Trainee: 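For reference, the structure I am asking about is given below.
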Amino acid sequence: DSGVTQTPKHLITATGQRVTLRCSPRSGDLSVYWYQQSLDQGLQFLIQYYNGEERAKGNILERFSAQQFPDLHSELNLSSLELGDSALYFCASSVEGTSNEQFFGPGTRLTVL
Amino acid sequence: DAKTTQPPSMDCAEGRAANLPCNHSTISGNEYVYWYRQIHSQGPQYIIHGLKNNETNEMASLIITEDRKSSTLILPHATLRDTAVYYCIVRSRTTSGTYKYIFGTGTRLKVLA
């Protein structure tokens, strides 16, 4: 158990819909990262937040957005969903520093029908 | 961002050492090499990281060449539970001063009984 929690575990929805994925980081970690893993693909970095502020952006689509709240939990919002958005979405957290090991949550499996 | 190259798959006999190579020829002087593994579709798990020197922990050893252009992860006595996808990552610094991982496609290690 990494200490990072993600909800829900599974999500099934239809094209065109909007969903919200939630992540609670490990206690004390200020950084939250979101990744997308499509079938048989590596992990694609989407976005990073640090203490409520966006710090880095990766391959995140304009239809996707994220935020980190004062209690440090984070939400990833996916809108106008397409079939190709079906994937595992992982959240990770870390402390910032010279050796910031990232702790990954169990992921949310999104299926768009 | 420094990229990594790994063989797509490897087999290893149970009880033998598994040596997983990684090429990162474009690595910069202050970029760390990290190794993670992913078992089935679980969240990736941290294994080890290093900058210049060889490193060892309870899970594995990391050998980094003197020119830092490649490294090898060594699992000294592989077990069936080590069957996973292993990712070699160069941790890059973002323009905002934080760090991000660029995952490659990894090596699928299969430990054979």
Side-chain angles (χ1 to χ4, degrees), chain A residues 1-6 9-10 23 25-26 29-60 68 86-111, chain B residues 1-9 22 24 28-53 55 57-60 62 64 84-109:
Chain A
D1 183 1
S2 66
V4 178
T5 60
Q6 289 187 250
K9 237 179 146 173
H10 301 277
C23 167
R26 286 189 327 152
D29 286 356
L30 299 181
S31 275
V32 169
Y33 306 78
W34 286 97
Y35 293 86
Q36 178 193 55
Q37 186 173 36
S38 302
L39 189 64
D40 293 331
Q41 297 290 312
L43 283 94
Q44 297 289 318
F45 168 68
L46 295 178
I47 198 164
Q48 179 206 0
Y49 277 81
Y50 176 78
N51 202 21
E53 292 186 5
E54 181 187 303
R55 280 295 186 94
K57 257 186 174 176
N59 302 320
I60 188 166
Q68 186 180 28
S86 295
L88 269 168
Y89 291 84
F90 289 103
C91 165
S93 74
S94 75
V95 293
E96 286 298 307
T98 55
S99 59
N100 66 327
E101 169 190 349
Q102 290 187 18
F103 294 86
F104 283 78
T108 293
R109 184 177 292 279
L110 173 67
T111 302
Chain B
D1 293 335
K3 289 197 164 110
T4 61
T5 305
Q6 299 176 253
S9 64
C22 177
H24 32 79
S28 299
N30 58 354
E31 289 180 323
Y32 281 75
V33 177
Y34 280 71
W35 284 81
Y36 279 74
R37 72 180 182 185
Q38 187 176 26
I39 297 172
H40 297 299
S41 297
Q42 298 174 20
Q45 176 191 23
Y46 167 81
I47 301 172
I48 198 167
H49 74 278
L51 181 63
K52 294 180 186 177
N53 300 320
E55 301 288 344
N57 62 21
E58 65 279 1
M59 283 184 72
L62 175 61
I64 302 174
V85 178
Y86 287 77
Y87 294 100
C88 167
I89 301 153
V90 172
R91 188 190 71 169
S92 301
R93 190 131 188 161
T94 69
T95 53
S96 64
T98 59
Y99 300 98
K100 66 177 180 181
Y101 292 163
I102 306 297
F103 281 81
T105 51
T107 295
R108 188 172 296 273
L109 175 70

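All values derive from a computational prediction rather than experimental measurement. Below, read A as the first sequence line, B as the second, and so on, with proteins coming before strands; counting in each chain starts at 1.
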Trainee: With sequence neighbours excluded, tell me which residues meet salt bridge (charged side-chain N to carboxylate O under 4.0 Å, His left out) with A:R26.
Mentor: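 So A:R26 forms a salt bridge (charged side-chain N to carboxylate O under 4.0 Å, His left out) with A:D29.
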Trainee: Would you say A:E54 has more than 12 foreign heavy atoms packed within less than 6.0 Å of its CD?
Mentor: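 Enclosed: over 12 neighbouring heavy atoms sit under 6.0 Å from CD of A:E54.
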Trainee: Can the ring centroids of A:Y35 and B:F103 be said to lie less than 6.0 angstrom from one another?
Mentor: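 They qualify: ring centres under 6.0 Å apart.
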Trainee: Using a 4.5 Å cut-off on heavy atoms from C-beta on, say whether the side chain of B:Y101 contacts that of A:L43.
Mentor: no
Trainee: Which residues pass the side-chain contact (heavy atoms from CB on, under 4.5 Å) test with B:Q45, not counting sequence neighbours?
Mentor: B:R37, B:M59
Trainee: When you compare the side chain of B:Q42 with that of A:F90, does any pair of heavy atoms fall below 4.5 Å?
Mentor: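 Not in contact.
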Trainee: Atom CD in A:Q37, atom OG in B:S41: separation rounded to 0.5 Å?
Mentor: 6.5 Å
Trainee: Where the side chain of B:Y36 meets the backbone of A:Q102, is there a donor-acceptor pair that is under 3.5 Å apart?
Mentor: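 At least one qualifying donor-acceptor pair exists.
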